[in-house]
Structure formats: C-alpha cells, structure tokens
Amino acid sequence: MGVFGASGQARTFEFRAGDVGFVPFATGHYVENTGDTPMRFLEIFKSSYFADVSLDQWMALTPPELVEAHLKLDRQVMDALRKDKVPVVPA
C-alpha cells in the first residue's frame with residue numbers, strides 16, 4: 001500500500017495476510033496486490049457517509065500540460081490515465 005500526502009511525503013508498506021494498515025485522514029492511498037493469489041481488501045471509514053476521489057480520474061481530467069509540468073510524467077503515462085472512475089483496477 002502506498003500512502004501519500006502534501007509536500008512530497010510518501011511511504012510504501014508491504015502487508016501480508018491478516019495485517020492491518022491505517023491511512024491518516026485526508027491522505028491519498030493506493031493498494032496493489034503484488035502477490036500471485038487473489039486479495040481480499042476491506043476498507044473502513046470513520047464517517048457516516050462514503051466520499052471518494054479517484055486520483056487517476058482527477059489527473060486525466062486536468063489539462064495534460066499542467067500534470068506533465070508538475071509531476072514530470074511522460075505522454076505514455078498521461079495516455080494511460082482514465083477519465084471514468086474505476087474503483088478496482090484489475091492487474
């Protein structure tokens with residue numbers, strides 16, 4: 001799992017079956033199954049409602065020149081971004 005916040009702060013964690021992770025409020029995160037078996041992932045929010053912002057979608061809908069300039073991404077990465085939200089992305 002990768003967790004990232006403001007000012008370039010980011011950490012990556014490797015979890016195994018049965019582990020529990022915590023993502024601080026208002027920080028971005030992503031989960032990737034790096035194993036070779038299916039993963040079951042349970043996400044719990046301390047809120048009475050669910051709100052989701054897809055970073056992939058947000059970047060795809062931002063003018064490409066801005067994203068490329070600030071994140072130093074090449075055209076291949078930019079072309080792979082999805083404009084439609086995909087909550088779970090298959091490998």
Trainee: Between A60 and R82, which heavy-atom pair has the shortest distance, and what is it?
Mentor: CB-O, 3.4 Å
Trainee: Report yes if the side chains of M1 and T12 come closer than 4.5 Å at any heavy-atom pair, otherwise no.
Mentor: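 A side-chain contact under 4.5 Å is absent here.
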Trainee: Can you name the salt bridge (Lys or Arg N to Asp or Glu O under 4.0 Å) partners of D36, sequence neighbours left out?
Mentor: none
Trainee: Inspect the surroundings of CG in D79 and state if more than 12 heavy atoms from other residues, nucleotides or ligands are less than 6.0 Å away.
Mentor: yes
Trainee: Please name all residues satisfying side-chain hydrogen bond (donor to acceptor under 3.5 Å, both in side chains) with R40, sequence neighbours left out, ordered by chain then number.
Mentor: none
Trainee: Hey, any chance V31 and F4 share a hydrophobic cluster, counting ILVMFWY side chains that come within less than 4.5 Å of each other, even indirectly?
Mentor: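 No.
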Trainee: Does Q9, at its CD atom, have more than 12 non-hydrogen atoms belonging to other residues, nucleotides or ligands within less than 6.0 Å?
Mentor: yes
Trainee: Are L73 and L61 connected in a single hydrophobic cluster, I mean Ile/Leu/Val/Met/Phe/Trp/Tyr linked by side-chain heavy atoms less than 4.5 Å apart?
Mentor: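 Looking at the clustering, L73 is in a separate group from L61.
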Trainee: State the CG-CE distance between L71 and M59, to the nearest 0.5 angstrom.
Mentor: 5.5 Å
Trainee: Which residues pass the side-chain hydrogen bond (donor to acceptor under 3.5 Å, both in side chains) test with Q57, sequence neighbours left out?
Mentor: none
Trainee: With sequence neighbours left out, write down each residue that passes salt bridge (Lys or Arg N to Asp or Glu O under 4.0 Å) with E32, or none if nothing qualifies.
Mentor: none
Trainee: Under 3.5 Å, side chain of N33 to main-chain N/O of T37, donor-acceptor pair present?
Mentor: yes
Trainee: Do any pairs count as a ring pair (Phe, Tyr, Trp, His ring centres under 6.0 Å) and have a residue in residues 7-48, sequence neighbours left out, and if so which ones?
Mentor: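 Found F45-F50.
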Trainee: Looking at residues at least two apart in the chain, or sitting in another chain, which of them share a salt bridge (Lys or Arg N to Asp or Glu O under 4.0 Å) with E14?
Mentor: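 With neighbours one apart ignored, the set is R16.
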Trainee: Would you sort out whether V23 and E43 count as a side-chain contact (heavy atoms from CB on, under 4.5 Å), showing the intermediate values?
Mentor: CA-CA 10 Å; V23 178; E43 191 164 11; over 6 Å; no
Trainee: Between E68 and V77, is there a side-chain heavy-atom distance shorter than 4.5 Å?
Mentor: no
